[in-house]
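First the structure, in the form of structure tokens, and then the observations on it.
All residue numbers in this chain count up from 1 along the given sequence.
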Amino acid sequence: MISAGEDINGRVILQLLMHSLELAVLIYVNLWLLIPAFLDRRRYFSYVILVTGFLALVTFGSIHVDMGVTHSRDFGIHFVGAGFYLLIGTLIGLYARTITRNRQLHEQRLTTEIEMLKAQVNTQFLFNTLNNIYYLAYSKSENTTEVIAKLSQMMRYMNYVGSQAEVLLSKELEYMQSYISLERLRLNSQLPIDFEIQGQTAGLKIAPFILIPFLENAFKHGVHSNSTNSWIRLSLHLVGKQCPFRVSNSKQPAPAVEGESKSGIGLQNVKRRLELSYPGHHELAIRDKPDQFEVALKLTLA
């Protein structure tokens, strides 16, 4: 036999559930249906009419089952009470939606900027390489066809990783080795280049083309075909996910280019990419010495 107290408790619980159900119907129908279909499209008059009618309908139904958001059976009081809860819930929902949209827009802007920076790296590399091929063809170098084949191989890799946020570190290092081989062919010299890699690269990923600008800069500013004392040293010593990368090169006197900073456009580009791709997870030190140029980068990989 059910006691009177148990019956009252059951009715209270049932009323609370119905209160929650009514609020959920009011708020979510407004947020998911009425606002996107009418308010977001600036159909304000239609939105007001529909919201008012929907609120009146829910109020009428709640009064007849006596389990609405207010205990009053007066239509006006219940309508105002339900409207108040609808307003508060909708404002909270709109605030949360605005935060989500702003975060998505921010992420889209960052993604777009990263893609533009990657495109600048690719364009600069292609432009420099085509100039080199022109010079080799003009001088009738026997290395011309091999350089073109190497460039084709590298372009396939660039096309493959162009839209990816991360690539295998081992593949990126292979690309850098190919770049060094291409430069050796172009220079047609026994340029001292040391590239020391220590540690396990298996499974580690890195943002594509994040290291290559430092290598390009070393060749651009530290190597001359008519110089006999040019050199480049690179090292990458992996410790877990810590990736210390160092590049140093001989320094050759060269006239300053108007409109280009001392660190070069390529280094400015990669600094910005590091800020976007590895915020709080990188350290970059650049040392411009009288006889050499050094770059030390510490990355925490994924």
Task: side chain to side chain contact (heavy atoms under 4.5 Å, CB included) partners of R156, counting only residues at least two apart - done: S152, Q153

Open item on the list: Any non-hydrogen side-chain atom of Q242 less than 4.5 Å from a side-chain atom of T300?
Closed with: yes

Task: Identified side chain to side chain contact (heavy atoms under 4.5 Å, CB included) counterpart of L215 within the set V295, L234, N249 - done: L234

Open item on the list: I'd like to know if V239 and L301 are part of one continuous hydrophobic network [Ile/Leu/Val/Met/Phe/Trp/Tyr, side-chain heavy atoms within less than 4.5 Å].
Closed with: no

TODO: Report the residue from V270, L274, L236 that forms a side chain to side chain contact (heavy atoms under 4.5 Å, CB included) with L297.
DONE: L274

Open item on the list: With a sphere of 6.0 Å drawn around NE2 of H237, does it hold more than 12 non-hydrogen atoms of other residues, nucleotides or ligands?
Closed with: yes

Task: Hydrophobic cluster of L87, others only, ordered by chain and residue number, side-chain cut-off 4.5 Å - done: L91

- [ ] Evaluate the ring planes of F245 and F195, with Trp represented by its six-membered ring, and classify them as parallel (under 30°), tilted (30 to 60°) or perpendicular (over 60°).
- [x] perpendicular

TODO: Go through the steps to decide whether F209 and Y175 satisfy the test ring pair (Phe, Tyr, Trp, His ring centres under 6.0 Å), and finish with yes or no.
DONE: CA-CA 9 Å; F209 311 122; Y175 177 86; 5.4 Å; yes

Task: Neighbour count above 12 (heavy atom, 6.0 Å) for Q200 CD - done: no

Open item on the list: Please say yes or no: joined through hydrophobic side-chain contacts below 4.5 Å, possibly via intermediate residues, are L173 and M154 part of one cluster?
Closed with: yes

Open item on the list: Between V147 and L182, is there a side-chain heavy-atom distance shorter than 4.5 Å?
Closed with: yes

